[in-house]
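Contents: one structure, followed by commentary.
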Amino acid sequence: MKKLLLFAAALFAVSTINAQVTAYVGYSSIKSSSTVRNVPGTATSTVNGFIIQGDYNISLSDEFGVAPGLGLNFAFGDNDYKGIKAYIPIDFNYGVSVSDDIKLSAFVGPTLALGLSSKSKVANVEINNYDNDDISRFDILLGVGCWLTFQDKYRLAVAYRMGMLDQNKTDVTTTKENLLTLTLGYTF
């Protein structure tokens, strides 16, 4: 058992030697799609905003890596909607050099989401959308995306994360949320 723990610690230490920390800021768009049982069609709404996030890309080889991260999304929409969600992505990535200064990477992975705040105004009355128990704060998203890294410092990333869990806790309505982001990053 001691040898296994020692091996795991050594593997972690070696893998973090090639780790990169990247900070991002950019545009975000959350699209909600709702269906009501026995009613044809789907109602959709979109809120836009911005996201700030960071990740710690651990190189498993020259091409493969895993990038756990943390992000905060600030969204704004109709009815004076304001929402804040925290995201914890774990992106498994594969990258290839396009030239000496440019690397293209694709990624896929799960993301945990936690709603921190969700408020709207209807007829000048502010409503906390999480006060009633009909809306879930928690979601699991499946994400795909890619990024371009320039000169090992600057990064342009696009990601699409599809919500897997029903955000509406009522029996008759199903609501799922998808997140699209376009970010600029700086690698330390």
Side-chain angles (χ1 to χ4, degrees), residues 21-57 66-93 106-147 155-187:
V21 175
T22 305
Y24 299 90
V25 65
Y27 166 79
S28 68
S29 176
I30 299 173
K31 181 179 180 182
S32 296
S33 299
S34 298
T35 57
V36 179
R37 187 175 44 204
N38 299 327
V39 176
T42 301
T44 61
S45 66
T46 302
V47 293
N48 298 311
F50 67 94
I51 190 165
I52 54 173
Q53 65 186 35
D55 67 32
Y56 186 72
N57 192 24
V66 60
L70 178 63
L72 283 176
N73 187 67
F74 301 87
F76 310 96
D78 294 337
N79 297 325
D80 288 330
Y81 172 81
K82 296 175 188 158
I84 302 172
K85 281 195 175 187
Y87 293 99
I88 302 172
I90 301 171
D91 295 328
F92 297 90
N93 54 77
F107 63 87
V108 63
T111 299
L112 302 177
L114 179 65
L116 302 176
S117 174
S118 178
K119 296 182 180 179
S120 303
K121 266 190 185 174
V122 177
N124 287 334
V125 176
E126 188 171 273
I127 299 168
N128 182 343
N129 297 314
Y130 291 132
D131 274 350
N132 68 31
D133 290 333
D134 293 342
I135 298 176
S136 175
R137 290 179 182 261
F138 181 72
D139 198 2
I140 297 174
L141 300 98
L142 180 59
V144 297
C146 63
W147 67 68
R155 200 173 270 179
L156 176 63
V158 63
Y160 185 76
R161 301 185 190 277
M162 188 170 50
M164 300 284 109
L165 302 180
D166 183 7
Q167 296 300 288
N168 191 315
K169 292 182 181 179
T170 63
D171 291 336
V172 297
T173 303
T174 301
T175 302
K176 294 193 177 182
E177 293 184 346
N178 300 326
L179 173 68
L180 173 69
T181 59
L182 177 62
T183 55
L184 293 173
Y186 181 80
T187 300

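The structure displayed is predicted, hence computed values, not measured ones.
- Taking 4.5 Å as the limit, every side-chain heavy atom of K176 sits out of range of all side-chain heavy atoms of M162.
- Pairs of residues two or more places apart, or lying in two chains, that qualify as salt bridge (charged side-chain N to carboxylate O under 4.0 Å, His left out) and include a residue from residues 160-172 are D91-R161.
- Across all non-hydrogen atoms, the minimal contact from F92 to P110 is CE1-CD, 4.4 Å.
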Exercise for the section: Start with the C-alpha gap between T111 and I88, add the side-chain angles, then the distance that decides, and say whether side chain to side chain contact (heavy atoms under 4.5 Å, CB included) holds. Expected result: CA-CA 5 Å; T111 299; I88 302 172; 5.7 Å; no
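- A heavy-atom distance below 4.5 Å is found between the side chains of F74 and I52.
- For the pair W147/N57, a side-chain contact is recorded, criterion being any heavy-atom separation below 4.5 Å from C-beta on.
- In this model, no donor atom of one side chain and acceptor atom of the other lie less than 3.5 Å apart for S34 and N168.
- Without hydrogens or angle criteria, R155 side chain to G185 main chain gives no donor-acceptor distance under 3.5 Å.
- Looking only at side-chain heavy atoms (C-beta outward), L142 and M164 come within less than 4.5 Å of each other.
- Residues satisfying the side-chain hydrogen bond (donor to acceptor under 3.5 Å, both in side chains) criterion with Y186, sequence neighbours excluded, are absent altogether.
- Closest approach of N128 and S118 over heavy atoms only: OD1-O, 3.4 Å.
- Checking side-chain atoms of N178 against main-chain N and O of G163 turns up a donor-acceptor pair under 3.5 Å.
- Closest heavy-atom contact between T175 and S32: CG2-CB, 4.4 Å.
- Counting only heavy atoms from C-beta outward, the side chains of I30 and N73 approach each other to under 4.5 Å.
- A pairwise comparison of heavy atoms in G41 and T35 identifies O-CG2, 4.0 Å as the closest pair.
- At least one side-chain heavy atom of C146 sits under 4.5 Å from a side-chain heavy atom of V158.
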Problem - I51 and T183: CA distance, side-chain angles, deciding distance, side chain to side chain contact (heavy atoms under 4.5 Å, CB included) verdict - result: CA-CA 8 Å; I51 190 165; T183 55; 3.7 Å; yes
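- Between Y87 and Q53 the shortest side-chain heavy-atom distance does not fall below 4.5 Å.
- Under the 3.5 Å distance criterion, with hydrogens and angles disregarded, a donor-acceptor pair is assigned to the side chains of S29 and N48.
- No donor-acceptor contact under 3.5 angstrom links the side chains of N129 and Y81, judged on distance only.
- Interatomic distance, D133 CG to T170 OG1, rounded to the nearest 0.5 Å: 12.0 Å.
- I140 places a side-chain heavy atom less than 4.5 Å from the side chain of L112.
- Within 6.0 Å of the CG atom in D78, the count of heavy atoms belonging to other residues, nucleotides or ligands does not exceed 12.
- Once rounded to the nearest 0.5 Å, the distance linking OG1 of T181 with OH of Y27 reads 10.5 Å.
- For A157 against Y24, the heavy-atom pair with the smallest separation is CB-CE2, 4.2 Å.
- Remark: side-chain polar atoms of D80 are not paired, donor with acceptor, to backbone N or O of K121 under 3.5 angstrom.
- If you check the side chains of T187 and T22, you find a donor sitting under 3.5 Å from an acceptor.
- Between the side chain of Q167 and the backbone N or O of F138, at least one donor-acceptor pair lies under 3.5 Å.
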Handout entry: Worked check of side chain to side chain contact (heavy atoms under 4.5 Å, CB included) between K85 and L114
Key = CA-CA 6 Å; K85 281 195 175 187; L114 179 65; over 6 Å; no
